[in-house]
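See below for the structure under consideration.
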Amino acid sequence: MSEPKSNISRRTLLTGAALAAGAGATAGASYWLGSVSRVSHSFGKKVIVIGVDGMDPRLCRKLMNEGKMPNMKRMAAAGGFSNLGTSCPPQSPVAWANFINGAGPGSHGIFDFIHRHPHEQCAPFFSAAETIPGQGAIEIGDHQLQLDFWPFNHQPPQTVLRRQGVPFWDFLDSQRISSVFYDLPSNYPPSPSEYGHHKCVCGMGTPDMLGSYGTYQYFSEDTPAGGVEEGGGKRSRIEFEGRSARITLVGPENSMLKLPVPVTIDVDVHRDTESGTALLVVQGKKILLKPGEWSRWTKLDFSLSAPTPLPSQHASGICRFYLQEIGPNFRLYVTPINVDPSKPAVQLSEPEDFISNVSNDLGLFYTTGFQEDHKARSNGVFDDDEFRRQATNVLEERLALFEYAVENYDDGLLFFYFSSSDLQSHMFWWEGEEDPKHPTRTSKEAASRYQYVKELYQRLDQIIGDINDRYGDKATIYVMSDHGFANFGRQFNVNSWLRDLGYLNSRECTSILVDCDWSRTRAYGMGINGLYLNLKGRERDGIVEPGEEQEKLTRQLIARLKAVRDYNGKQVIRNVYRSSEIYSGEATTLAPDLIIGYARGYRASWETCLGELTPDVLLDNTSAWSADHCADALEVPGILCCNKPFVATDPSLVDIAPSILHDFGIATPSTMTGRSIFQS
C-alpha cells in the first residue's frame with residue numbers, strides 16, 4: 001500500500017492496549033481486550049480460504065513435480081490436491097457465485113458476465129449487478145433534486161446486487177460465527193449481515209468512479225486532436241506551450257444536473273527535458289516523476305454542484321500517475337479513478353465503515369474489481385513489461401492487505417482473494433506443447449511470457465507456504481481457484497454462424513442490437529457462452545413456437561454446433577448443454593437456452609459477446625488477451641489444495657461452502673446442492 005499512515009497495525013495497538021492494562025490482567029481479560037471477534041461463537045475454530053483466481057491444476061502439478069512449488073506440494077501431502085469442478089459456463093462471476101451459494105446458477109441466477117432483457121429484445125446488462133435509474137425529482141434551474149421522503153417519495157438511482165439465493169456466510173452469521181472476506185467477487189453491492197458477524201470488502205464487479213469496470217486515461221502528444229474513446233480507456237492529446245501544458249481528468253457524472261455531465265479536474269504539467277523529469281500539479285499537490293516512474297495514490301476531490309442554496313457535494317476518488325515518456329512524445333497514463341477507500345462515495349464493504357477502517361490503517365489501495373489494467377495492454381497503451389509492472393504493483397498491494405488480514409484475524413472464517421493469476425494469465429499464458437503457434441508472438445516470445453506466469457505461481461506458492469507455516473496446525477486451510485486456463489488462439493462468432501445458416505436475419509445484419517430482422521430470426525447469441533431462441537411469449541419479438549418447434553430447433557442447433565470444424569479439421573465446440581438439463585432452482589428466468597462449451601484453443605469471438613457479426617465465422621485471436629477459460633467446463637477445472645485430508649474424489653466449487661460449514665459443525669443447508677468434501 002502506498003502512503004502508509006502508520007507502521008503499527010491495529011492488532012499491535014490492541015495488543016499494546018491489553019499490555020497497558022497492567023500485569024494484573026488475567027488471560028481472560030486480555031482476550032476481551034485483544035480480540036476483534038469477542039462476541040463470536042467460533043470458539044477458536046479457524047478456517048482460512050485463499051481464493052486464487054484462475055490457478056490451473058495442470059500447471060500446478062507440473063511445477064510441483066519439478067520442485068518449483070514445494071509449499072503446495074507439502075500441503076497437498078498433508079491433506080490433498082485435486083482438480084476442482086468449475087461452473088458451467090466457467091466464467092468468474094458464475095463460478096464465484098457457485099462458491100458463495102454452494103449451489104449452481106439455478107440458485108444464484110448468474111449465467112454469464114452479460115445477461116439480456118427478453119422484454120427489451122436482447123438489450124444487454126451486467127449480470128451480477130444492475131443500476132436502476134431514479135424516478136421523480138424537483139427541477140431547480142439546471143439541477144434536479146430527489147427527495148426520498150414523504151410527500152415526495154422520489155426514487156434515487158440505485159445499484160442492486162442481482163445474485164440471488166442465500167450466501168453461505170449467512171449460516172455462520174446466524175450462529176454468531178465471525179467471517180471476514182477481502183475482495184470477494186460477485187458480491188457488489190455487498191450483501192448485508194443480519195447479525196453483525198460478517199465483514200466483506202467487495203471485489204470483482206466493483207466499478208470505478210466513472211461507473212465502469214475500469215477506464216484509464218492516457219495523454220500523449222501523438223493522440224488525435226479529438227481524442228479517442230476505446231474499450232476501457234480514454235486517450236487525449238496533450239499540447240505544450242513552452243514547457244507547460246494542462247490536461248483534464250474526467251471524473252464521475254453529477255447526477256444532480258438535469259443533463260448530467262462528468263465533473264473534471266485540471267492537472268498542470270511542466271516538462272523539463274534537461275533534467276528528464278515532469279512535474280504534475282493537481283489540486284495543490286505536486287508530483288515529480290521521471291520516465292518509468294509511478295506516483296503514489298493521489299486523492300482527487302470532485303465537487304458536484306447542487307441547486308442553490310444547497311452547498312456543493314463532494315466525492316473523493318484516487319488515482320496513480322505513470323510517466324511513460326517525457327519526449328519527444330510525452331506519454332502519461334492515469335489509472336482508472338478508484339473510489340477512495342478512506343472516504344468511499346458508495347458502499348464498498350459490509351459493514352459500511354469496514355473498508356475505511358482498513359484504509360485508515362494501511363493507506364490507499366485499488367478498490368475497482370479489475371485491478372490489473374488488461375485494457376491498457378490490449379489497447380497498446382502498455383507494452384508487456386509495463387503491464388507486468390502494473391500487475392506487480394497490484395500484487396504488492398494485495399500482499400500488504402493480506403498481511404493486514406492475517407494480523408487482524410483471530411478465529412472464524414478468513415477468505416482472501418488474489419486476482420493476479422487470472423489477469424496475468426489472460427495476457428501471458430501460452431502452452432506451447434499444446435499449440436506451438438501463437439497468433440501474434442513468436443514461439444520464443446510466447447515461451448518468455450509464459451515464464452512470467454510460472455514465476456507468479458512460484459511467488460503464490462511462497463504465500464501459501466507462509467500461511468501454512470503460521471496456521472497449518474491451528475486451522476483448516478483451503479487453496480482454491482474458480483477455474484483453470486487454456487490457450488485462446490481462434491475465435492468463433494456464433495451470430496455470424498447463425499446468419500450463415502439462416503437462423504439469424506438479414507444476411508446484411510451487422511449487430512443484433514442495431515439492424516436484426518427479428519421477424520425472421522430464430523436464435524441469437526449474447527454474452528460469451530450463451531445462445532437464446534427467439535421464443536414466442538418470452539422474447540418481445542419472439543417467433544419460435546414453444547413446444548414441438550422449439551424442441552426441433554434446439555436439437556438441430558446442438559447437432560450443428562457440435563459438428564463445427566476449423567480449417568484444419570479441429571473440433572471447435574466440445575459440447576452444447578441445454579440449460580433445462582443442467583440448471584435447477586428458482587432463479588433460471590434469465591438462463592440462456594443453450595450453453596456452448598468450447599474446445600481448448602477456442603472461445604467466443606470478441607464481437608459476438610455483445611451481438612456484433614463479422615464476415616467470417618472463425619478467425620484468429622489477435623488480441624494481447626491470448627488465453628482464456630470460457631471454454632467447456634470440463635476443459636478448465638480449478639484447483640483444490642487442503643491441509644486436512646478430504647475424501648471427495650471429484651470435488652466441485654459448490655462443495656466448498658458445505659465443507660466450511662461442516663468444519664464449524666453446521667449441517668449442509670437445504671439451499672445447497674454441494675456436499676462436504678470431508679464426508680463420503
Any donor-acceptor pair under 3.5 Å from Arg235 side chain to Val228 backbone: no
Sidechain N-carboxylate O distance under 4.0 Å for Arg459, Glu396: yes
Qualifying residues under salt bridge (charged side-chain N to carboxylate O under 4.0 Å, His left out), relative to Lys258, sequence neighbours excluded: Glu139
Aromatic centroids of His115 and Phe126 separated by under 6.0 Å: no
Check ion pair Glu350-Lys199 (N to O, under 4.0 angstrom): no
Short N-O contact, Asp466 and Arg470, less than 4.0 angstrom: yes
No-hydrogen, no-angle side-chain donor-acceptor test under 3.5 Å, Tyr213 and Asp208: no
SB check Glu455 Arg388 (cutoff 4.0 Å): yes
His117 and Phe125 aromatic centres sub-6.0 Å: yes
Distance-only side-chain donor-acceptor flag, Ser356 / Asp353, under 3.5 Å: no
Exercise: identify the closest heavy-atom pair between Ile100 and Pro185: CD1-O, 3.5 Å
Pair Glu274 + Arg243: basic N to acidic O under 4.0 Å: yes
Cationic N near anionic O, under 4.0 Å, Arg271 to Glu221: yes
Asp373 and Pro336, any side-chain heavy atoms less than 4.5 Å apart: yes
Side-chain H-bond candidate by donor/acceptor type, His197 with Ser178, under 3.5 Å: no
Distance-only side-chain donor-acceptor flag, Tyr216 / Asn379, under 3.5 Å: yes
Pair Phe365 and Trp297, ring centroids less than 6.0 Å apart: no
Side chain to side chain donor-acceptor pair (under 3.5 Å) partners of Glu325, counting only residues at least two apart: Arg331
Phe415 ring center near Tyr182 ring center (under 6.0 Å): no
